[in-house]
Each structure stands twice: as C-alpha cells, then as structure tokens.
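So the structure is just underneath, and the comments pick up after that.
As the structure lists them, so they are numbered: ligands from 1, and atoms in each ligand from 1. Residues: numbered from 1 along the sequence shown.
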Amino acid sequence: MTMRSEDRLLVRALRREPLPRPPVWLMRQAGRYLPEYRAVRQQAGGFLEMMRNPEYASEVTLQPVRRYGMDAAILFSDILVPLEAMGMHLVFDEHGPSFPVPVRSRGQVDALQDVDPDQTMGFVGEALRRTRRGLPDETALIGFCGAPFTLAAYAIEGAGTKSFAATRAMMYRDESTFRALMDKLAGVVARHLRYQVVHGAEAVVLFDTWAGTLGHEDYLRYAAPWSRAVLQELAGVAPRVLFVHGGDHLLDELVRSGVEAVALDWRTPIGKAFDRYGDRVALQGNLDPATLLASPSEVARRTNALLDEVGGRPGHILNLGHGIFKETDPESVGAFVRCAKERAR
Ligand code: 1CP
C-alpha cells in the first residue's frame, strides 16, 4: 500500500508531531559534489539543458536520495526559472547564472510577462511527476520558488552581487517601479508554487535568500508584504518553509508570517530558536555547510552536538544552514544523514 503524503516523516515534522527521529535533507543536495551529478551534467551539455529536460532533472533529483536515503527530495531546478519564463534571457557560464539585460525601467517591468506555469514551465511539472514515480514511498517531494524580493534583486542586478546597489537605488529612488515589479513577481511566484503542488510537491520552500541583506525596517517595507502575500495564497495548500540567508535579525517577522517552518542559517543558535519559536513553527537547519568539509567523524560529532542542542523537540528538520559546497566529500554527507537516521529511539 502506498504511504499517504501526510504520513511521511518530513510532513509530520512540519506539523510538529513528536517523532522517533528528525527527518533530514540538504539544501542543494543535488549538485556538483556528486560524481553522478557531474556525469549527467556533462551528458546534458550544461546546467540549463539539464534543468529543462524532465528526464535529467528527475534523475539528478533522485541521485542523492538513492545514495543516502534522505527523507525528502527537492526538485532540481532553480529560482531563476520563473524570471526566464517571464521573458528575461538567462545565461549560465563559469561565473554562474546571469541575465545580460537587467530590468531597470518601468517599461521593462511592464514588458515582463505574467506567466502561467502550465503554459511556460511544463518541464517542471513533468519533472515532479517523474520524480515522484522514482522516489521511495517514504520520501517526501519538495517544490520551491524564489521569493519576490530575491527574484527582483536578480532581475534588477542581472547577476549575483554583494552590494545590491542597483536594487537599492530602485527601491529608494523609483519605488513605484520597484513595487510594480514586486507585484508582478508575487503573482508568478504564487502560481508557480501552486502549480508544483498540483504536480506532486508535498511541501514548498520559499527562498528569500537576499532579504537578509535588508535591515529590519527595509525588510518590512520592501520585502515582507510580497512574501506574505505569496505565503497566504499557499496557506492550506501545502506546508510552507521560509528561508532567509543571514536572517537572524528578521526571525520574529519570519515566524509571524504564519509559515509552518522557518529554515535557519547556521549563524542562529538553534537551541535558542527552539526556546523562542518552537511552540509556533517547525525549524529547519542548521549546520554550517562548511562543516561538511571536515572529516566524516568530525561531521558526525558536530551534527550530534546540534541534535543534542535541539534535544528531540518536535518540529526539527535536520538540514544545513545554506547550500552544500561543491568541494564537499560525499562521505561527509553520508555521515551527516546517518546522524539523523541513527537517532531512532
Ligand atoms: O552545476 C552547476 O554548476 C549548477 C549549480 C546550481 C545548482 C545545483 C545552480 C546554479 N542551481 C542549482 C540548483 C538549485 N538552486 C536548487 C535545486 C535543488 C537542491 O538540490 O537544493 C535550488 C533549490 C536552488 C535555489 C537557488 N538558486 C537559490 C536559493 C537558495 C540558496 O542557495 O540561497 C539561489 C540564490 C539560486 C541562484 C543560483 N543558481 C545557481 C547558482 C550558482 C546560484 C547562486 C548565484 C549567486 O549567488 O549569484
């Protein structure tokens, strides 16, 4: 008999049920640290080609689960896919992803298409369906999207940046254009998440990676209203996990958004986060991804220390505090996953 979604460990942890052990998965678990990922990437001819092909995308989504038996698979895709679908030309080279023509004017915002994911991102739905068929019964499938602020920052900057100067300039000098962009993105993001749930995602992660670069007041004014709007549209549709990189100063706000879980980056002490928020949300995280550069025995020691700090409180999802480094030894990932699995009481 097939297991119902609500009985899968990850989904139970998102409801903060007491469990024999915490579920475990890793941000960017499908990735370059795995030789089998690099082989598929080479066969596909590149990152974008791999992502747009449901056969390749589901294969690399399944690879880490096959190797380590994580409790969840996260679809191999990227937060930049919806921007491409809205009409931005996306390139991927040795420097990573970029948009050669960034969005800087009201005319460019108006020209972005208000896409319907069924029409323009059909490969995502197909990859989700294929992945579900290939997953073990007990493994949950996670969908995701970038949050409006993080997508706006990529659209405005055209690439990753440390200063976000162009984004900040638009926010402060041309707020109506910025708001028009955010409104449009919020609609697309909500539809894209809903679409993924329809095609088999059992939980969704909203990655507001760059919102942590904003101070508290700016976060409330320029980011929170739109991520909240997206999250409200998903309420009752699927459990929602919200991640902000460097978001320790925003935790009160993230919890107040009403999500089922907040993903912590590694700089937040997880025990204290449980003391403060554990009766309201599940908490995901939060081993420093750099820790996985240590030997497997040191990884196990530090992961067990983290699990001791949580002390088996309900609602813990073991994960890293950000994406895994490509330099990570696959053995160290095994040590990390085993720590959760061996907690069984
Ligand atoms: O093979 C390669 O070189 C590609 C590296 C890579 C991978 C494996 C990129 C390019 N994206 C991905 C997949 C990816 N990205 C997933 C798949 C599922 C998983 O295994 O976790 C997810 C969830 C993402 C999300 C993502 N992409 C975020 C949000 C989460 C986070 O890490 O903060 C962000 C910011 C991106 C943008 C992006 N895509 C890729 C890179 C190298 C980057 C970062 C670029 C930058 O910082 O400017």
Side-chain angles (χ1 to χ4, degrees), residues 24-52 56-65 67-68 70 72-84 88 90-99 102 124 127-128 131 141-164 166-167 189 192-193 196 201 203-213 227 241-247 263-266 284-286 289 319-328 333:
V24 57
W25 67 280
L26 289 80
M27 286 201 258
R28 297 274 177 105
Q29 64 188 24
R32 284 174 294 178
Y33 71 101
L34 282 178
E36 57 267 38
Y37 170 94
R38 295 193 297 267
V40 172
R41 193 183 196 276
Q42 193 167 14
Q43 198 189 340
F47 174 72
L48 296 178
E49 290 74 10
M50 189 164 60
M51 209 170 50
R52 290 185 195 122
Y56 290 136
S58 68
E59 169 57 20
V60 297
T61 303
L62 294 167
Q63 282 174 347
V65 177
R67 200 191 251 254
Y68 304 105
M70 288 94 168
I74 181 161
L75 181 70
F76 180 81
S77 183
D78 198 81
I79 62 164
L80 305 176
V81 169
L83 289 178
E84 186 185 37
M88 294 189 72
L90 174 64
V91 295
F92 195 90
D93 60 21
E94 65 278 16
H95 307 295
S98 63
F99 296 102
V124 171
L128 282 164
T131 304
L141 180 55
I142 301 173
F144 69 91
C145 200
F149 178 79
T150 294
L151 294 183
Y154 269 105
I156 297 166
E157 302 291 337
T161 162
K162 284 200 162 60
S163 69
F164 295 93
T167 308
V189 170
H192 192 47
L193 289 174
Q196 292 178 66
V204 293
V205 183
L206 189 66
F207 286 107
D208 212 352
T209 303
W210 301 126
T213 59
S227 63
V241 183
L242 177 58
F243 173 71
V244 174
H245 182 236
L264 303 173
D265 106 347
W266 68 96
Q284 176 186 295
N286 69 341
N319 203 315
L320 303 177
H322 199 200
I324 188 170
F325 290 12
K326 68 177 193 302
E327 295 83 359
T328 302
V333 177

Could you tell me whether Phe207 and His245 have their ring centroids closer than 6.0 angstrom? no
Under a 4.0 Å N-O cut-off, is there an ion pair linking Glu49 with Arg41? no
If I take atom CG from residue Leu128 and atom CZ from residue Phe76, how far apart are they, to the nearest 0.5 angstrom? 13.5 Å
Counting only non-hydrogen atoms and a 4.0 Å cut-off, the residues near ligand 1 are Met27, Arg28, Gln29, Ala30, Arg32, Tyr37, Arg41, Phe47, Ile74, Leu75, Phe76, Ser77, Asp78, Ile79, Phe92, Pro97, Phe144, Tyr154, Gly160, Phe207, Thr209, Trp210, His322
Quick check on the 6.0 Å ring-centre criterion: do Trp210 and Phe149 meet it? no
Calculate, to the nearest 0.5 Å, the distance between atoms CZ and CG belonging to Phe243 and Leu264 respectively. 9.0 Å
Would you please name every residue forming a side-chain hydrogen bond (donor to acceptor under 3.5 Å, both in side chains) with Gln196, sequence neighbours left out? His192
